Amino acid sequence: MKVAVVTFPGSNCDYDLYKAVQQVGAEVEFVWHRERGLQRFEAVMLPGGFSYGDYLRAGAIARMSPVMEDVVAFAAAGGPVLGICNGFQILCEAGLLPGALMRNDVLRFRSHDVLLRVERDDTLFTGDYEKGQILRIPIAHGEGNFEADEETLRALEGDGRVVFRYVDANGEATEASNPNGSWHNIAGITNEAGNVLGMMPHPERAMEALLGSTDGVGLFTSLVASLSTTAGGSA
Amino acid sequence: MSQYRIEVRVKPRPGLLDPQGKAIHHSLNSLGWEGVHDVRVGKAIYIDLDAADEAAALEAAGVMCRKLLANPVTEDFEVTMVGALEGAGS
């Protein structure tokens with residue numbers, strides 16, 4: 001499997017993401033936001049950071065980058081696309097995922113570990129987890145408050161497109177365990193087809209026991225596993 | 001072609017939580033402005049552009065808002081004509 005990590009001016013989790021992909025044995029390459037053509041990749045990842053200084057709105061300028069046209073086409077063709085943190089914000093701005101990420105209700109940048117409940121273990125990205133499993137993964141964002149209109153929110157829940165939810169140690173999605181005011185404690189969602197995942201927490205920062213958690217590894221191994229079974233392409 | 005200056009106002013949609021506005025609201029209350037009962041924070045964007053006439057300038061600004069300046073999920077926008085700009089500079 002060959003993965004593209006798309007970098008924008010102001011991306012700052014690109015190397016972590018690159019290393020995470022390498023760690024699970026996949027090939028990985030950086031793609032600068034002005035480059036075109038993603039055909040040689042089997043998955044595309046948008047890293048966290050502060051693309052364009054979060055000017056105007058987080059992700060709003062990055063989504064106008066030349067490469068985003070290719071990301072949209074890649075996703076439309078069914079290719080797996082993962083957006084983490086600022087990557088999630090860019091995917092929403094680009095219309096690949098519904099809704100928007102607004103300023104945290106607490107008005108503070110939140111940088112700490114959170115607990116996530118895995119809501120779906122049958123996506124391209126979560127096969128190595130179990131439904132209901134609790135993961136410890138860090139967040140680091142000022143704008144992670146997921147909002148959408150009523151109809152969209154109902155569709156997200158109704159179609160089971162919420163993949164990760166902020167929870168407490170008992171696995172309950174309480175107000176206290178919600179770090180940013182996201183509706184229904186949403187931490188990660190997919191598009192309707194299921195091939196685009198956006199999440200605010202940083203699985204690429206939970207890859208080493210030495211650094212506190214290895215709960216992010218499963219996301220990357222899941223993707224490798226689902227691509228090797230479906231495509232049977234280059235390993 | 002003439003030059004026009006346009007003001008775009010982008011504001012959080014009604015009903016959506018505006019944490020920035022809330023913080024300012026509390027701050028104004030604590031300064032003694034007890035009569036302040038709501039604050040919403042938006043942004044103003046000033047655009048100078050060439051256009052055939054006022055209507056064309058306003059229409060272009062509307063397209064800019066839908067494409068980039070406002071996020072339809074969370075924000076509303078208003079476009080107003082500030083006026084024609086005489087000559088170069090300003």
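A note on names: the letters A, B, ... follow the listed sequences, proteins ahead of strands, and every chain is numbered from 1. Keep in mind that what you see is a predicted model, and the values were worked out from it rather than measured.
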Might you point out which heavy atoms bring B/Gly15 and B/Arg40 nearest each other, and give the distance in Å? N-NH2, 4.0 Å

Under a 3.5 Å cutoff, is there a donor and acceptor pairing between the side chains of A/Glu175 and A/Asn178? no

Modelled atom types, side-chain donor and acceptor of A/Glu93 and B/Asn71, under 3.5 Å: yes

So does A/Arg136 get a backbone contact from the side chain of A/Asp215, meaning a donor-acceptor N/O pair under 3.5 Å? yes

Counting only non-hydrogen atoms closer than 4.5 Å, does B/Lys22 touch chain A with its backbone (N, CA, C, O), its side chain (CB onward), both, or neither? neither

Side chain, backbone, both or neither: which part of B/Glu75 has a heavy atom under 4.5 Å from chain A? side chain

Please identify, among B/Asp18, B/Leu17, B/Leu68, B/Val10, the residue contributing the most non-hydrogen atom pairs under 4.5 Å to chain A. B/Leu68

